[in-house]
There are 2 protein chains.
Amino acid sequence: MSMPESALEPALRPQRDAQRTRAAILAAAQDAFSIRGYSDTGVREITAAAGVNPALVSRYFGSKEKLYEAALSDLLRAGIITELPKENFGVAVVDLLTASQGPQRNPLPMMMLASADPTARAISDRLLKELFVEPLARWYGPERGAGKAACFSALASGLTLYRELYPLGAFGAEMSAETRKWLAAAFQALID
Amino acid sequence: MSMPESALEPALRPQRDAQRTRAAILAAAQDAFSIRGYSDTGVREITAAAGVNPALVSRYFGSKEKLYEAALSDLLRAGIITELPKENFGVAVVDLLTASQGPQRNPLPMMMLASADPTARAISDRLLKELFVEPLARWYGPERGAGKAACFSALASGLTLYRELYPLGAFGAEMSAETRKWLAAAFQALID
DNA sequence: ATGCTATGTAAACCGCCGTTTACTTAGAGG
DNA sequence: CCTCTAAGTAAACGGCGGTTTACATAGCAT
């Protein structure tokens with residue numbers, strides 16, 4: 001709690017900084033879980049990418065499961081969607097979902113690749129509901145808001161799967177123009 | 001190679017039948033891999049479901065990887081699609097893809113849930129290409145057949161994900177009617 | 001009946017993984 | 001300078017999972 005540590009002078013930064021290492025582990029976990037899935041990424045792999053000792057995930061997060069929960073919570077923010085403009089909402093959503101360069105730190109691939117493990121899946125379901133679907137439903141409004149939020153999630157996950165996960169992603173350019181238009185219209189229709 | 005073993009008289013069937021046990025392991029593997037994924041299903045789990053000894057997967061398939069390859073190969077048959085009538089092709093495909101009661105023995109969830117493991121993913125990519133996309137492309141014809149086959153695969157996988165894997169599947173009834181119509185039209189458009 | 005081979009089993013092997021424990025050390029406060 | 005606590009590390013522990021090995025037995029052939 002001494003020195004604001006302006007984050008612009010790496011030379012003076014102490015070698016040991018709990019917040020910084022915790023954040024490094026979290027970021028490495030988000031990368032790994034989004035690409036290689038929950039079961040197939042080991043804590044040694046994550047901590048090696050973060051440049052720290054494997055024992056620190058137990059110290060800072062309690063367990064691998066808790067680390068997954070923290071990593072997904074940090075990524076699941078409904079605000080990214082609800083802060084989009086309501087006019088041209090559809091194209092904005094499609095742009096947002098197709099803008100990312102890859103699955104890195106993307107909650108959707110992370111959840112998909114964790115769905116095989118029962119405990120990780122339970123965490124995903126709970127967090128998705130609490131942090132995304134329910135806020136989104138409130139944003140949509142009391143009239144059919146829950147159904148609209150569910151439709152949004154299904155559509156977005158399908159689009160993400162198609163772009164990021166499926167081995168045929170390289171062929172994606174084939175259907176871009178018309179499909180993007182249809183998707184944008186579908187997203188727009190949910191708020192009209 | 002003695003006795004045709006008409007499969008209708010279980011009383012006379014020998015207790016030891018290599019083909020039968022091999023098939024039982026394969027079927028159990030297809031069930032397990034489709035639901036719990038490649039990494040999260042153990043060979044002890046598979047062989048327990050098949051009622052046999054874990055060592056038999058090494059004997060009959062060589063390894064867990066080879067078992068995955070055999071399980072997926074057995075499910076990946078382009079014929080299921082190419083034998084559909086060309087008129088009403090779209091609705092027939094949507095009916096086929098949405099008819100299954102669950103992910104059991106479905107190649108798409110199997111591939112999705114195996115995509116985290118690099119070696120399993122390589123197997124999936126190769127088999128999908130050899131056994132499905134390329135035959136489908138030949139069926140579509142020389143003119144843009146490859147692109148059409150890729151579009152088909154992407155669309156079908158997205159639909160399957162939406163129905164089977166995503167935690168929001170329970171909400172699916174919300175968008176059935178219009179979405180099915182659009183999907184059918186999209187599949188139909190690929191052959192017209 | 002009697003061996004012989006294919007079939008199946010039990011148990012151990014070996015490596016990996018999440019976690020814990022015991023220990024070292026950086027760095028602030030006296 | 002010394003001390004004391006927080007931060008980090010190394011190594012081991014227990015368990016699990018794929019695979020191998022050594023052994024048992026069913027069923028056909030002689």
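The sequence lines fix the lettering, A, B, ..., with proteins before strands; numbering per chain opens at 1. These numbers come from the heavy atoms of this one structure, side chains and all, not from hydrogens, waters or symmetry mates.
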Rounded to whole angstrom units, what separation is found between the [atom1] atom of [X] and the [atom2] atom of [N]?
X: L56(B); N: dT21(D); atom1: CG; atom2: C1'; answer: 14 Å
X: K66(B); N: dG18(D); atom1: NZ; atom2: P; answer: 16 Å
X: Q19(A); N: dG8(D); atom1: CD; atom2: P; answer: 11 Å
X: L67(A); N: dG18(C); atom1: CG; atom2: P; answer: 10 Å
X: R59(A); N: dT24(C); atom1: CZ; atom2: P; answer: 16 Å
X: D17(A); N: dT25(C); atom1: CG; atom2: C1'; answer: 16 Å
X: D117(B); N: dC16(C); atom1: CG; atom2: P; answer: 15 Å
X: R44(B); N: dC16(D); atom1: CZ; atom2: P; answer: 10 Å

[X] side-chain proximity, nearest of [options]:
X: R16(B); options: dA7(D), dT25(D), dT20(C); result: dT25(D)
X: K64(A); options: dA10(D), dG18(D), dT19(C); result: dT19(C)
X: N53(B); options: dA12(C), dT7(C), dT9(C); result: dT9(C)
X: T21(B); options: dG8(C), dA7(D), dT19(D); result: dG8(C)
X: Y60(B); options: dG8(C), dT21(D), dT19(C); result: dG8(C)

Have a look at [X] and say if it touches a base, only the backbone sugar-phosphate, or nothing, with a 4.0 Å heavy-atom cut-off.
X: F61(A); result: nothing
X: A18(B); result: sugar-phosphate
X: T41(B); result: sugar-phosphate
X: V57(A); result: nothing

(Q) Ring centroids only, cut at 6.0 angstrom: are W139(A) and F89(A) within range, meaning strictly under it? (A)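 Yes, the ring of W139(A) comes within the 6.0 Å limit of the ring of F89(A), centre to centre.
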
Q. Under 4.0 Å between a side-chain N or O of S58(B) and OP1 or OP2 of dG18(D)?
A.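 No, S58(B) has no side-chain N/O under 4.0 Å of OP1/OP2 on dG18(D).
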
Q | Residue pairs, two or more places apart or on separate chains, that pass ring pair (Phe, Tyr, Trp, His ring centres under 6.0 Å) and touch residues 15-54 of chain A | A |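 Listed by first then second residue: F33(A)-Y38(A), F33(A)-Y68(A), Y38(A)-Y68(A).
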
Q.
Return whichever of G51(A) or V43(B) has its heavy-atom-nearest nucleotide of DNA chain D closer to the 5' end.
A.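 With G51(A) and V43(B) compared, the 5'-side residue is G51(A).
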
Q: Could you verify whether a donor N or O on one side chain and an acceptor N or O on the other, from D40(B) and S39(A), lie under 3.5 Å apart?
A: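 The criterion, which ignores hydrogens and geometry beyond distance, is satisfied for S39(A) and D40(B).
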
**Q.** From CA spacing to verdict: salt bridge (charged side-chain N to carboxylate O under 4.0 Å, His left out), E45(A), R36(A)
**A.** CA-CA 11 Å; E45(A) 185 179 348; R36(A) 307 197 12 80; 2.9 Å; yes

Q: Check whether any side-chain heavy atom of L136(B) sits under 4.5 Å from a side-chain heavy atom of T82(B), and report yes or no.
A: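 In contact.
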
